[in-house]
Amino acid sequence: MANDFLGKLAKQANQQLGDNESPFKQKKEVTRPVQVREGTYKMIKDIAYHKEAKIVDVIDSMLKYAINSGEFDDSNK
């Protein structure tokens, strides 16, 4: 009898709680592998070390900077 009650209570609590992840937790974006020349990778790794940042964040910043520079706009073809 006690197990029945506790089982029902646990089931109801799980339904009310739903997703047990914190609503304040930042969602992580999916990453993809990218091919980089060894020399460039070493430079990026060194920059990340000195900035105390993740390599993926450094590469993301570099790519966004390059994209926003206008070098790759359709009008420049």
Side-chain angles (χ1 to χ4, degrees):
M1 180 96 177
N3 288 340
D4 252 359
F5 174 73
L6 291 177
K8 287 180 184 178
L9 187 63
K11 184 177 179 181
Q12 182 181 2
N14 286 335
Q15 288 174 347
Q16 290 177 349
L17 290 175
D19 190 8
N20 62 355
E21 287 188 25
S22 169
F24 302 105
K25 181 180 177 182
Q26 293 181 353
K27 300 291 181 188
K28 296 197 181 222
E29 191 172 353
V30 176
T31 59
R32 300 280 185 202
V34 176
Q35 290 185 346
V36 179
R37 289 186 172 89
E38 188 69 27
T40 305
Y41 177 77
K42 287 179 182 179
M43 287 191 296
I44 292 169
K45 191 173 176 181
D46 188 52
I47 292 168
Y49 173 77
H50 289 296
K51 288 185 149 262
E52 296 179 358
K54 293 180 180 179
I55 293 174
V56 68
D57 293 333
V58 172
I59 292 174
D60 190 50
S61 294
M62 289 177 167
L63 290 173
K64 285 180 182 176
Y65 180 82
I67 290 168
N68 292 332
S69 72
E71 178 70 23
F72 302 102
D73 288 345
D74 290 337
S75 60
N76 289 341
K77 288 183 179 179

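- D57 places none of its side-chain heavy atoms less than 4.5 Å from the side chain of K51.
- Both V58 and L63 belong to a common hydrophobic cluster when Ile, Leu, Val, Met, Phe, Trp and Tyr are linked at side-chain heavy-atom distances under 4.5 angstrom.
- Cluster membership for I44 and V56, using ILVMFWY side-chain heavy atoms within less than 4.5 angstrom, is not shared.
- Residues I55 and Y41 come closest through the heavy atom pair CD1-OH, 3.8 Å.
- I47 and V34 fall within the same hydrophobic cluster, where Ile, Leu, Val, Met, Phe, Trp and Tyr residues are linked whenever their side-chain heavy atoms come under 4.5 Å apart, directly or through other members.
- Residues D46 and H50 form a side-chain contact, since some pair of their non-hydrogen atoms from C-beta on lies under 4.5 Å apart.
- Look at D60 and K64 and you find a salt bridge, because one of the NZ, NE, NH1 or NH2 atoms lies within 4.0 Å of a carboxylate O, short of that distance.
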